[in-house]
Amino acid sequence: AMRINQDTVLRGKKVTLVPYTAAHVPRYHEWMQSEELQRLTASEPLSLEQEYEMQRSWRDDTDKCTFIVLDSGRWPGQAEESSMVGDVNLFLTNTEDSTLGEIEIMIAEPSYRGRGFGKEATLLMMAYGVKKLGITKFEAKIGQENEASICMFKKLHFKEVAVNSIFQEVMLRLDVSEQERRWLLEQTKHVEEKSYAELKQPAGVLAS
């Protein structure tokens, strides 16, 4: 089950990935009111209650792995909700092939875009997928107009394999050969894995 990451923190230089918990939902819900983000993520706005439901399903579903992306410069130290910059997801959508993961990255805070946060978060998730979940192939589906995201995935060695003109989506793919695996582990060798329970500030200690 995907509760595999419920106590996992992946700490990189710019970003820290933490499990998506109920505490993150209000901020996440606020982000998803943005029409631009709805368009980029091809999603419908949900009510706050629906967003809590969604968070629970993310936590419990066996075919999804999700992390909230925090700014390493702000957290630990500041409240998680004010350190959130986006999220990164891995879907194991192919029941025939458990080694295929579809990856999604969203940097929701505009001031954090174009600064390498999405790239590092994606690399951290890819390395986690390869090491912990046995992923050997990644796919990413990105809206055709989202050139920044398409460009970023190409820098991470993904190749464009298909265009869906109905959904106006580009499909990119990366097969993790031995060489790609070595490159990925090299790119993420600075990453520390920590316990979320230990890093999280206990309730009541948070500075207001």
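The figures that follow rest on heavy atoms only: side chains count, while hydrogens, waters and symmetry mates do not. Computed from a predicted model, the values in this text were never measured in an experiment. Throughout, numbering of the chain's residues begins at 1 and tracks the sequence.
Listed here is the closest heavy atom pair of S57 and M54: OG-O, 2.9 Å. Here the closest heavy-atom approach between residue I142 and residue N146 is recorded as CG2-CB, 3.7 Å. Heavy-atom minimum distance, Y196 versus Q6: CD2-O, 4.1 Å. Taking both residues in full, the closest heavy atoms of I103 and M125 are given as CD1-CG, 3.8 Å, listed atom of the first, atom of the second, then distance. Smallest separation of non-hydrogen atoms from E186 and K189: OE2-NZ, 2.6 Å. Nearest heavy atoms, P19 versus F67: N-CD2, 4.0 Å.
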- Item | Worked check of side chain to side chain contact (heavy atoms under 4.5 Å, CB included) between V69 and L17 | CA-CA 5 Å; V69 181; L17 304 188; 3.7 Å; yes
- Task: Determine, step by step, whether R56 and E49 satisfy the salt bridge (Lys or Arg N to Asp or Glu O under 4.0 Å) criterion, reporting the C-alpha distance in whole Å, the side-chain angles of both residues, the deciding distance to 0.1 Å, and the verdict.
- Result: CA-CA 11 Å; R56 281 191 287 275; E49 196 36 58; 3.8 Å; yes
- Task: Apply salt bridge (Lys or Arg N to Asp or Glu O under 4.0 Å) to the pair E102 and K141, showing each step before the final yes or no.
- Result: CA-CA 8 Å; E102 187 184 323; K141 294 176 184 153; 3.4 Å; yes
- Message: Run the side chain to side chain contact (heavy atoms under 4.5 Å, CB included) test on V18 and W75 for me, step by step, so that the C-alpha distance in whole Å, both residues' side-chain angles and the decisive distance to 0.1 Å come before the verdict.
- Response: CA-CA 10 Å; V18 300; W75 190 87; 3.8 Å; yes
- Message: Under the criterion side chain to side chain contact (heavy atoms under 4.5 Å, CB included), I'd like the reasoning laid out for M126 against L174: C-alpha separation, chi angles, the key distance, then a yes or no.
- Response: CA-CA 10 Å; M126 286 167 64; L174 172 67; 3.4 Å; yes
- Task: Given salt bridge (Lys or Arg N to Asp or Glu O under 4.0 Å), test R113 with E36 step by step and report yes or no.
- Result: CA-CA 14 Å; R113 291 184 200 152; E36 181 202 16; 3.3 Å; yes
- Query: Can you list the steps and then say if Y28 with I68 is a side chain to side chain contact (heavy atoms under 4.5 Å, CB included)?
  - Reply: CA-CA 9 Å; Y28 192 88; I68 290 289; 4.2 Å; yes
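How far CG of D63 is from CG of L92: 6.5 Å, rounded to the nearest 0.5 Å. Taken to the nearest 0.5 Å, the CD atom of E160 stands 14.5 Å off from the CZ atom of R173. To the nearest 0.5 Å, the span separating CE on M152 from NZ on K119 amounts to 9.0 Å. A distance of 9.0 Å separates CD in Q187 from NE2 in H190, rounded to the nearest 0.5 Å. The CG atom of L172 sits 13.5 Å away from the NE2 atom of H157 when rounded to the nearest 0.5 Å. In this structure, CD1 on I107 lies 8.0 Å from CH2 on W31, to the nearest 0.5 angstrom.
For the 3.5 Å distance criterion, the side chains of D71 and S83 fail to qualify, holding no donor opposite an acceptor. T99 and K137 form a side-chain donor-acceptor contact under 3.5 Å, judged by distance and modelled atom types alone.
Counting heavy atoms of neighbouring residues, nucleotides and ligands inside a 6.0 Å radius, atom CD of Q168 does not exceed 12 of them.
Both I4 and V130 belong to a common hydrophobic cluster when Ile, Leu, Val, Met, Phe, Trp and Tyr are linked at side-chain heavy-atom distances under 4.5 angstrom. Under the 4.5 Å side-chain heavy-atom criterion for ILVMFWY residues, no single connected hydrophobic cluster contains both V170 and L100. M106 and F91 fall within a single hydrophobic cluster, where Ile, Leu, Val, Met, Phe, Trp and Tyr side chains are chained together by heavy-atom contacts under 4.5 Å.
Side-chain contact check for F158 versus I150: every heavy-atom pair is 4.5 Å or farther apart. Under the 4.5 Å side-chain criterion, counting only non-hydrogen atoms from C-beta, P76 is not in contact with E198. Residues W183 and L156 form a side-chain contact, since some pair of their non-hydrogen atoms from C-beta on lies under 4.5 Å apart. Looking at S72 and R11, their side chains come closer than 4.5 Å, going by heavy atoms from C-beta outward.
With sequence neighbours excluded, the residues that form a side chain to side chain contact (heavy atoms under 4.5 Å, CB included) with V25 are Y20, L48, E51, Y52, Q55. Scored by the side chain to side chain contact (heavy atoms under 4.5 Å, CB included) test, E81 finds P26, R27, M84 as partners (sequence neighbours excluded).
A salt bridge does not link E193 with K131: every distance from a Lys NZ or Arg NE/NH1/NH2 to an Asp or Glu carboxylate oxygen is 4.0 Å or more.
A donor-acceptor pair under 3.5 Å links the side-chain atoms of Q33 to the main chain of H29, judged by distance alone. The main-chain N or O of M32 is found under 3.5 Å from a side-chain atom of Q38 such that the two form a donor-acceptor pair. The backbone N or O of K64 sits nowhere less than 3.5 Å from a side-chain atom of N89 that would complete a donor-acceptor pair. The backbone N or O of L124 sits nowhere less than 3.5 Å from a side-chain atom of T188 that would complete a donor-acceptor pair.
M171 forms part of a hydrophobic cluster together with V161, judged by ILVMFWY side-chain heavy-atom separations under 4.5 Å.
Using the six-membered ring where Trp is involved, F117 and Y112 have ring planes that are perpendicular, over 60° apart on the 30 and 60° scheme.
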